[in-house]
Amino acid sequence: MSDLEEPALLTIDLAAIVANYRLLAAQAPMAELAPAVKADAYGLGMAKVAPALAAAGARRFFVAWLAEGIALRALLPDAVIHVLNGLEPGRAGPYRAHRLIPCLDSLEAIREWVEGGGGPAVLHLDTGISRLGMPPEEWAALAKENGLRNRLELVLAMTHLACGDDAANPMNAAQRTAFLSAIDTLGLAGGRVPLSIAASSGIFLGPEYHLDLTRPGAALYGLPPLNGHPNPMRQVVRLQAKILQVRRVDSHMTVGYGATHRTTRPSRLATVSAGYADGLFRALGNRGHAYLGPVRVPVVGRVSMDLLTLDVTDAPPELARRGATIDLIGPHHSVDDLAGEAGTIGYEMLTALGRRYPRRYLDAGTAR
Ligand SMILES: *Cc1c(COP(=O)(O)O)cnc(C)c1O
């Protein structure tokens, strides 16, 4: 394995993202696939990821913030852009100026949008997640307010599953039923407005969840869509870092801040140039792992801001040497593996990776 030039390197495989786009599109062939690129494409860089997806055929995108929509508009002049956080209060002007479509989530937001001049909008209904979306007690009111509803220029109606990653959870079917009955109540059934339920996991719950449009994020970026099932997605991210120093220590030596690890045998320790400032959570202290080539090595002691320490006693010395490269996320250790060791999920791991790493993007042109 050739050594890194930089202290650490984040490699993002755009070809793998495009391959995942195609796999998801094939899984829900009757639905339009509209990628979620919020939070800087889950930390992977919207400026690279969104144009690669557009080149692969995506026409419509979801962001969370108005500001993300404005940034995406500059990248993709012709895309349809939906803002999941809805209409940020008092800011209808910039939505219109940048042709951004809010996912309206309350009667109040609908009034603000329509009375301020209207324009295309998404209706976001809350069917059980109690987070964003119009709550059920407002559906009937909207159904009765014919004037308001008729002035709404709806391009999509959507809801979001609370437990989509758990295929056996009865809440999925309950939310789907509630959504379709709300659509009926609102007079939007029968193809009058395109409908959407599925994010990444919903695509794998069966065709009855696909409807007209899917909005995956995580699966595009390689995360597993369903808990307890093999991951069909291609891995997108590799995170490598350099060994800065290897030391031999005796038995009973303590390692790192707080002396939370004590060696139980003469050991070799490798100090690596990545820490919690780089999204390697402190929770990985004494729990995380990395790979030195094919050899799994444990994190020992606490993770500090810029450094972490691995016990490489069991790795061959020719691998565990100053300047060698280790994989924190790589072929043997997925984002979700590392996230699991930190007691979190791949979503949080990806979005936390931070800005310090030099990044290498593998060209989408090589997509199969
Ligand atoms: C983030 C988000 C998505 C994408 O979800 P994934 O699980 O990453 O596929 C879709 N819809 C809504 C409302 C979201 O907030």
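All of these numbers come straight from a predicted model, not from anything done at the bench. Read the numbers this way: they start at 1 and go in the same order the structure lists the ligands and their atoms.
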Considering residues, nucleotides and ligands other than [X], do more than 12 of their heavy atoms fall under 6.0 Å from its [atom1]?
X	atom1	result
Arg265	CZ	yes
Arg96	CZ	yes
Arg192	CZ	no

Are Tyr347 and ligand 1 in contact, using a heavy-atom cut-off of under 4.0 Å?
yes
Do ligand 1 and Gly217 have nitrogen or oxygen atoms that lie under 3.5 Å from each other?
yes
Does Ser201 reach ligand 1 with a nitrogen or oxygen that is under 3.5 Å from one of the ligand's nitrogen or oxygen atoms?
no
Closest protein heavy atom to atom 9 (O) of ligand 1, given as residue, atom name and distance to 0.1 Å:
Ser200 OG, 2.5 Å
Of the side chain and backbone of [X], name the one, both, or neither that has a heavy atom under 4.0 Å from an atom of ligand 1.
X	result
Leu84	side chain
Arg215	both
His82	neither
His124	neither

What class does the angle between the rings of His82 and Phe62 fall in, given that below 30° is parallel, 30 to 60° is tilted and above 60° is perpendicular?
tilted
Numbering the atoms of ligand 1 from 1, which are under 4.0 Å from a heavy atom of [X]?
X	value
Tyr42	1 (C), 4 (C), 5 (O), 6 (P), 8 (O)
Lys38	1 (C), 2 (C), 3 (C), 14 (C), 15 (O)
Pro216	9 (O)
Ala218	6 (P), 8 (O), 9 (O)
Arg131	15 (O)
Met158	13 (C)

Asp336-Ser334 side chain donor-acceptor pair, cut-off 3.5 Å:
no
Quick check on the hydrophobic clustering: are Met171 and Ile197 connected, directly or via other members, by side-chain heavy-atom contacts under 4.5 Å?
no
Please test Asp337 against Arg296 for salt bridge (Lys or Arg N to Asp or Glu O under 4.0 Å), starting from the C-alpha separation and ending with a verdict.
CA-CA 12 Å; Asp337 293 335; Arg296 181 176 167 90; over 6 Å; no
Check ion pair Arg176-Glu208 (N to O, under 4.0 angstrom)
no
Do Arg151 and Trp113 form a cation-pi contact, if we require the NZ or CZ to be under 6.0 Å from the six-membered ring centre and within 45 degrees of the ring's axis?
no
